[in-house]
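First up is the structure itself, then whatever we jot down about it.
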Amino acid sequence: MSFPLLTVTAAVPALGAIATAAVPAAKRAAAKWVALAFSLVTLALAAIVLVRFDPGGSRFQLTESRAWIADFGVRYELGVDGIAVVLIALTAVLVPFVILAGWHDADPLEGERPNRRWRPTQGFFALILMVEAMVVISFEATDVFLFYIFFEAMLIPMYFLIGGFGDRAGERSEEETATQRSYAAVKFLLYNLAGGLIMLAAVVGLYAVTADDLGTGTFSLQQIIEARAHGDLSIATSTERWLFLGFFFAFAVKAPLWPLHTWLPNAMGESTAPVAVLITAVVDKVGTFAMLRFCLQLFPEASKWATPVILVLALISIIYGALLAVGQRDIKRLIAYASISHFGFIILGIFAMTTQGQSGATLYMVNHGISTAALMLVAGFLITRRGSRLIADYGGVQKVAPVLAGTFLIGGLATLSLPGLAPFISEFLVLVGTFSRYPVLGVIATVGIVLAALYVLVLYQRTMTGPVKAEVRGMPDLKARELLVVAPLIALLIFLGVYPKPLADIVNPSVDHTLSVVDKKDPKPDHPVDAGWFSYSPMHDGASGGAK
């Protein structure tokens with residue numbers, strides 16, 4: 001039996017969570033170092049997974065398959081394709097920075113009497129590692145039931161991170177702050193639980209359908225795909241559409257897609273900056289990833305049937321999120337609404353059903369994670385110094401903290417997809433892929449780019465430029481630990497903006513496989529041209545515009 005690399009990669013942060021929680025109450029510093037050490041080991045394992053993955057190899061690699069609940073057709077099946085590999089790498093890269101950025105977020109407040117039984121610091125970092133473990137195994141799972149368990153289970157540690165370790169900034173009373181945290185945490189949980197319960201009904205329905213045709217029910221993604229390809233499994237059109245809607249609803253809540261998005265601004269606004277990064281850069285990616293892995297591949301005909309409506313919802317998300325970001329007075333809520341707009345681009349690329357669109361959507365998941373982490377973490381450092389999330393409470397920061405202002409600017413420019421920074425290439429591919437099949441939608445979606453420039457540049461102008469306000473006059477610049485968090489993220493944004501080919505080479509074959517299952521061909525260009533990374537190449541009996 002080969003070494004279970006995928007299992008170990010998911011198990012290490014789970015073990016780290018247990019080890020961190022077990023650290024004695026008086027050893028807060030030790031708990032932090034334990035958590036950081038386990039996150040770095042996970043990063044090393046994710047790097048090994050990335051290196052061992054062969055983009056030209058089989059569809060799912062490093063597979064593991066063992067009987068689990070045999071009577072119900074449930075197996076412990078893991079495997080990764082190119083899309084899963086890059087998202088596991090993203091998760092493993094971001095978590096150490098989340099831990100470093102939140103180094104003091106769970107420390108007792110000044111004047112607070114320590115409680116030798118209550119260990120908030122240990123709990124905070126243990127919960128972060130537990131979220132990482134559940135997200136990683138969600139990316140690895142190729143058994144639908146196994147995926148569902150961890151898709152839902154990750155809500156529990158996230159609920160406690162939002163409700164128990166919320167933002168301390170602002171002039172609200174302690175009681176009001178606790179009330180708002182609880183509201184945000186409960187709203188997050190209820191929205192996602194509602195989606196999960198609907199998905200559970202669809203999961204049971206999928207099992208019943210496979211049991212009727214195959215003689216024994218199964219949740220194996222690979223087995224279902226192969227059975228449908230060979231004609232051994234036939235799902236009635238109406239049944240497939242209902243099952244698709246059950247899965248898609250849960251993923252659209254997690255993503256989040258308009259109009260199921262309203263939990264996100266509350267959750268990000270009331271969370272600490274590192275937890276906000278964990279929500280939007282890590283956890284929410286499970287929703288868009290699952291659309292590619294499960295919705296499109298399990299229900300190809302239903303996916304094509306639902307595409308027009310989903311594209312319209314994605315377009316509304318892009319414009320609506322950007323418009324609300326323009327009008328925000330709260331820095332963290334502005335970033336939250338910007339993320340809703342960006343998730344609209346990701347879903348637009350997925351359901352454009354072109355190689356450029358889906359390659360761009362996958363790259364967008366990675367690049368959005370990095371850019372949002374950079375911007376939100378720097379914003380968190382800024383808010384911690386001033387004690388306020390309101391944009392109007394800042395001004396002239398670049399004169400007293402130029403490094404902080406500079407990194408904030410780069411994070412903001414990445415958010416608006418400036419050429420030369422990583423999100424540009426992914427957003428460009430999404431728009432090209434959408435325009436090649438739906439030119440009107442592609443043109444309308446570009447309005448989101450204009451609005452992004454508006455809300456990012458206005459945010460920077462109001463907080464960083466102008467006269468220095470008295471409250472920020474003594475604001476210190478970034479410290480060594482904070483630079484250690486931000487500098488690698490900025491370097492990644494620049495590197496992947498200039499040279500995205502390594503990621504594109506991993507992602508493209510998996511996108512080809514997904515489109516082959518959906519049986520969707522790229523529109524053939526009138527005048528094929530060779531344009532380097534964006535060249536058209538023969539594929540699916542048509543012409544492909546995948547990023548090379």
Q | Side-chain donor-acceptor contact under 3.5 Å, T288 with Y364 | A | no
**Q.** ring pair (Phe, Tyr, Trp, His ring centres under 6.0 Å) partners of F294, counting only residues at least two apart
**A.** F147
Q) Rounded to the nearest 0.5 Å, what separation is found between the OG atom of S39 and the CD atom of E132? A) 6.5 Å
Q.
For a side-chain contact (heavy atoms from CB on, under 4.5 Å) check, start with the C-alpha distance between L206 and I224, then their side-chain angles and the critical distance, and finish with the verdict.
A. CA-CA 10 Å; L206 179 65; I224 294 172; 3.9 Å; yes
Atom pairs and distances, side-chain donor-acceptor, residues 333-348, under 3.5 Å, sequence neighbours left out:
from	atom 1	to	atom 2	distance (Å)
S339	OG	T280	OG1	3.3
S339	OG	I335	O	3.2
S339	OG	H368	NE2	3.3
S341	OG	I318	O	2.8
H342	ND1	A338	O	3.2
H342	NE2	T415	O	3.2

(Q) Could you report the tightest heavy-atom contact between S359 and V507, atom names first, then the distance? (A) CA-CG1, 4.2 Å
Q) Are there more than 12 heavy atoms of other residues, nucleotides or ligands under 6.0 Å from atom CZ of F145? A) no
**Q.** Any donor-acceptor pair under 3.5 Å from T354 side chain to G433 backbone
**A.** yes
Q. How about W263 and F188: are their ring centres within less than 6.0 Å of each other?
A. yes
Q: Output all residues satisfying salt bridge (charged side-chain N to carboxylate O under 4.0 Å, His left out) with E77, sequence neighbours left out; order by chain, then residue number.
A: R75
Q: Check whether any side-chain heavy atom of L5 sits under 4.5 Å from a side-chain heavy atom of L45, and report yes or no.
A: yes
Q) Does the side chain of M154 come within less than 4.5 Å of V286's, by heavy atoms? A) yes
Q: Check step by step if side-chain contact (heavy atoms from CB on, under 4.5 Å) holds for R59 and V517.
A: CA-CA 12 Å; R59 184 174 196 169; V517 172; 2.9 Å; yes
Q. Distance from I279 atom CD1 to T372 atom OG1, nearest 0.5 Å?
A. 12.5 Å
Q) Residues two or more places apart in sequence or in another chain: which of them pass side chain to side chain donor-acceptor pair (under 3.5 Å) with S426? A) N367
Q | Heavy-atom side-chain contact between D284 and L264 under 4.5 Å | A | yes
(Q) Going by ring pair (Phe, Tyr, Trp, His ring centres under 6.0 Å), name the residues that satisfy it together with Y455, two or more places apart in sequence or in a different chain. (A) none
Q. E64: what forms a salt bridge (charged side-chain N to carboxylate O under 4.0 Å, His left out) with it, not counting sequence neighbours?
A. R66
Q. Do V131 and L127 come close enough that some side-chain heavy atom pair is under 4.5 Å?
A. no
Q. Side chains of Q297 and L292: does their closest heavy-atom pair fall under 4.5 Å?
A. no
Q | Derivation of the side-chain contact (heavy atoms from CB on, under 4.5 Å) call for M134 and F151 | A | CA-CA 7 Å; M134 293 178 178; F151 179 81; over 6 Å; no
Q: Say whether, by atom type as modelled, one donor and one acceptor occur between the side chain of T121 and the main chain of A106 under 3.5 angstrom.
A: yes
Q: For S271 and A276, indicate whether the former's side chain and the latter's backbone hold a donor-acceptor pair under 3.5 Å.
A: no
**Q.** Distance-minimising heavy-atom pair for L257 and A255
**A.** N-CB, 4.1 Å
Q. What's the spacing between L390 CG and I331 CD1 if we round to 0.5 Å?
A. 8.0 Å
Using atom types as modelled, flag every donor-acceptor pair under 3.5 Å from a side chain in residues 238-253 to any protein atom, sequence neighbours excluded.
from	atom 1	to	atom 2	distance (Å)
E240	OE1	R228	NH2	3.0
E240	OE2	E301	N	3.0
E240	OE2	A302	N	3.0

Q. Are side-chain heavy atoms of I449 and L431 found at a separation under 4.5 Å?
A. yes
Q. Which distance, rounded to the nearest 0.5 Å, do you find between the CG of L78 and the OH of Y76?
A. 4.0 Å
Q. Do other residues, nucleotides or ligands put more than 12 heavy atoms under 6.0 Å from the CZ atom of F60?
A. yes
Q: Mark yes or no for whether Q358, through its side chain, and I350, through its backbone, hold a donor-acceptor pair below 3.5 Å.
A: yes
Q: Identify the two heavy atoms, one from L146 and one from A141, that lie closest to each other, and give their separation to 0.1 Å.
A: CD2-CB, 4.0 Å
**Q.** Test ring pair (Phe, Tyr, Trp, His ring centres under 6.0 Å) applied to Y159 - qualifying residues, sequence neighbours left out
**A.** none
Q.
Taking the side chain as everything from C-beta on, heavy atoms only, tell me whether V275 gets closer than 4.5 Å to F124.
A. yes
Q: Check whether any side-chain heavy atom of L221 lies under 4.5 Å from a side-chain heavy atom of D143, and answer yes or no.
A: no
Q) Roughly how far, to the nearest 0.5 Å, is OG1 of T446 from CD of E427? A) 9.5 Å
Q: Tell me, please, which residues at least two apart from D81 pass salt bridge (charged side-chain N to carboxylate O under 4.0 Å, His left out).
A: R293
Q.
Please enumerate all residues that pass ring pair (Phe, Tyr, Trp, His ring centres under 6.0 Å) together with Y207, with sequence neighbours excluded.
A. F219
Q: Look only at the side chain of T9 and the backbone of A46, and say whether a donor-acceptor pair between them is shorter than 3.5 Å.
A: no
Q | Non-neighbouring partners of K332 that pass salt bridge (charged side-chain N to carboxylate O under 4.0 Å, His left out), sequence neighbours left out | A | D167
Q. Just how far is it from atom CG of L50 to atom CD1 of I506, taken to the nearest 0.5 Å?
A. 4.5 Å
(Q) Set out, in order, the CA-CA distance, both residues' side-chain angles and the distance that settles side-chain contact (heavy atoms from CB on, under 4.5 Å) for L129 and I18, then state yes or no. (A) CA-CA 9 Å; L129 289 175; I18 296 171; over 6 Å; no
Q: Of all the heavy-atom pairs spanning L296 and S303, show the shortest one and how long it is.
A: CA-OG, 3.4 Å
(Q) So which atom in P96 and which in V93 form the shortest heavy-atom distance, rounded to 0.1 Å? (A) CD-O, 3.3 Å
Show me the side-chain donor-acceptor pairs of residues 84-91 shorter than 3.5 Å, one per line, residues at least two apart or across chains.
from	atom 1	to	atom 2	distance (Å)
T91	OG1	L87	O	2.9

**Q.** Closest heavy-atom pair and its distance - T20, A31
**A.** CG2-O, 3.6 Å
Q. Has the side chain of T434 got a donor or acceptor atom that lies under 3.5 Å from a matching backbone atom of A352?
A. no
